[in-house]
Amino acid sequence: MPEPRTVVIAAFPGVELLEVTGPAEVFSVASRLVGGDAPAYRVEIAAARSGPLPTAAGVGLVAGRSLAEVGAGVDTLLVAGAMDSVDGRYRAVVDRDVVAFLPGAAAAARRVGGVCAGVHLLAEAGLLAGLPATTHWLTAGQLAAQYPDIDVDPDPIFIRAGRIWTCAGVTAALDLALAMVAEDHGPALALDAARAMVMYVKRPGGQTQFSVPLSLQSSTDDRIDELRRWIDDHLAERIPVEAMAARMHLSVRHFTRVFRDCTGRTPAGYLEAVRVEAARRLLEESARSLPDIAAASGLGSVETLHRAFRRRLGATPAEYRRRFRPHATAR
């Protein structure tokens with residue numbers, strides 16, 4: 001009889017509740033679906049000290065053991081996170097106890113995952129150097145600025161780089177855990193677990209984090225906010241990077257650096273992201289034809305619309321429409 005896989009979720013006081021309980025529930029549901037005399041997974045919460053663990057939601061958890069008591073035999077090590085707000089800007093909380101624990105614990109685990117702002121703790125521990133990674137769009141800019149040796153991509157739901165996994169905000173932890181279940185036991189079990197949890201869709205890792213323009217609302221540079229509004233009003237037009245730089249009265253090189261520092265994205269990457277989001281909304285909310293949607297969103301042609309959707313959402317526009325507006329009929 002195979003031994004259950006041990007999943008340890010490293011946490012700290014003030015952690016986001018769902019970043020701990022979400023993956024724990026996925027692994028628990030998968031265990032119940034597998035059945036048998038032994039569970040497929042054993043999930044444990046570890047913190048600097050065992051015992052009561054307060055969370056950001058005000059709901060207390062219990063850490064079954066201290067970080068110092070975590071030894072060999074850990075299959076999957078997940079690191080939950082938390083954010084706080086300073087002057088209206090969200091910043092990832094970096095817990096020093098967890099960071100000190102990570103190098104040794106990560107080396108002993110088969111795979112390691114950072115959940116939402118917990119990705120910053122992996123970065124601080126030196127585990128993401130030279131790797132692609134994602135995190136919540138609210139702190140993606142912070143991650144890119146503080147750790148230039150990490151290839152930060154604020155778009156995907158999750159990214160796997162070998163045995164290191166990183167995922168986006170909050171509910172993306174469910175997608176990350178489901179993908180791990182699929183790796184361990186096959187996609188059929190992961191889909192069954194998603195259905196059992198009444199998840200509408202098991203999202204692929206490459207699907208973009210929704211509401212792309214919202215990632216700029218925390219910017220302290222009013223010029224970026226003004227540029228964002230201008231882009232929204234002129235999406236159907238051609239918008240070269242030179243035009244965006246000119247609106248901020250900056251050289252293209254300086255503008256590109258300022259924009260990336262504020263948003264964690266290149267100007268071209270941001271522009272494509274908001275155009276895909278505009279097309280996505282039109283697919284969900286209207287029955288307009290694909291050529292109309294490509295033109296209105298600024299993507300230009302149906303071919304470009306298809307390429308952008310496959311790259312960012314892992315689906316064609318038609319597949320996306322069927323999934324999110326199943327009763328729509330294109331004119």
Side-chain angles (χ1 to χ4, degrees), residues 1-11 15-47 50-53 55 57 59-67 69-81 105-106 108-116 118 156-207 314-315 323 326:
M1 182 183 301
E3 287 292 316
R5 298 176 186 268
T6 298
V7 179
V8 171
I9 304 176
V15 72
E16 294 291 340
L17 178 65
L18 193 58
E19 293 177 22
V20 178
T21 59
E25 184 67 13
V26 169
F27 291 122
S28 171
V29 169
S31 286
R32 281 174 269 168
L33 289 172
V34 169
D37 295 329
Y41 297 96
R42 178 191 298 115
V43 182
E44 300 177 351
I45 302 172
S50 61
L53 181 68
T55 71
V59 177
L61 297 173
V62 176
R65 55 172 148 165
S66 69
L67 297 174
E69 294 171 330
V70 177
V74 175
D75 177 83
T76 301
L77 174 63
L78 297 182
V79 183
R110 180 175 68 92
R111 64 184 170 200
V112 180
V115 180
C116 190
I157 295 296
F158 63 84
I159 289 176
R160 179 184 180 183
R163 69 187 193 93
I164 306 293
W165 303 56
T166 55
C167 78
V170 195
T171 59
L174 303 175
D175 301 282
L176 179 76
L178 284 167
M180 290 179 169
V181 170
E183 179 185 55
D184 297 339
H185 298 281
L189 179 64
L191 286 169
D192 286 345
R195 294 189 188 101
M197 297 178 70
V198 200
M199 293 177 65
Y200 182 66
V201 61
K202 188 172 78 71
R203 298 175 293 182
Q207 180 168 323
R323 182 179 297 171

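Values reported hereafter were calculated over all heavy atoms of this structure, with side chains retained and with hydrogens, waters and symmetry mates removed. All of these numbers come straight from a predicted model, not from anything done at the bench.
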task = Going by the side-chain contact (heavy atoms from CB on, under 4.5 Å) test, name the single residue among Val181, Val34, Val26 that passes it with Tyr41.
result = Val181
Arg163: salt bridge (charged side-chain N to carboxylate O under 4.0 Å, His left out) partners, not counting sequence neighbours = none
task = Check Ala63 against Leu53 and note the closest heavy-atom contact, atom names and distance.
result = N-CB, 4.4 Å
request  = Calculate, to the nearest 0.5 Å, the distance between atoms CZ and CG belonging to Arg32 and Asp192 respectively.
outcome  = 13.5 Å
query = Would a distance-only check, ignoring hydrogens and angles, find a side-chain to backbone donor-acceptor pair under 3.5 Å from Glu19 to Gly81?
reply = yes
note = Of all heavy-atom pairs linking Val70 and Ala46, the shortest is CG2-CB, 3.7 Å
query = Atom SG of Cys167 and atom CG of Leu78: how far apart are they, to the nearest 0.5 Å?
reply = 8.5 Å
query = Are any non-hydrogen side-chain atoms of Arg5 and Thr76 less than 4.5 angstrom apart?
reply = no
query = How many angstroms lie between CG in Leu178 and CD in Glu183, if you round to the nearest 0.5 Å?
reply = 13.0 Å
query = So do the side chains of Arg65 and Val8 get within less than 4.5 Å of each other, counting heavy atoms only?
reply = yes
ask   = If only atom types and distance count, is the side chain of Glu69 paired as donor or acceptor with the main-chain N or O of Ser66 below 3.5 Å?
value = yes
request  = Would you mind reporting whether Val20 and Leu61 have side-chain heavy atoms less than 4.5 Å apart?
outcome  = yes
inquiry  = Between the side chains of Asp184 and Arg110, is the shortest nitrogen-to-carboxylate-oxygen separation below 4.0 Å, so that they form an ion pair?
reply    = yes
query = Within a strict 4.5 Å, meaning less than it, do heavy atoms of the Leu176 and Trp165 side chains meet?
reply = yes
note = Tightest non-hydrogen contact, residues Ala190 and Ala182, listed as CB-CB, 3.8 Å
key: Side chain to side chain, Met197 and Leu174, heavy atoms closer than 4.5 Å   = yes
ask   = Going by heavy atoms in the side chains, are Arg111 and Leu77 under 4.5 Å from each other?
value = no
ask   = Of the non-hydrogen atoms in Ala177 and Pro23, which two are nearest, and what is the gap between them?
value = CB-CA, 4.0 Å
query = So do the side chains of Arg42 and Phe27 get within less than 4.5 Å of each other, counting heavy atoms only?
reply = no
query = Taking Thr21 for the side chain and Leu17 for the main chain, is one N or O donor matched with an acceptor at less than 3.5 Å?
reply = yes
ask   = Considering only heavy atoms from C-beta outward, does the side chain of Val79 approach that of Val115 to under 4.5 Å?
value = no
remark   = Sorted by chain and residue number, the side chain to side chain contact (heavy atoms under 4.5 Å, CB included) partners of Ala161 (sequence neighbours excluded) come out as Leu131, Pro132
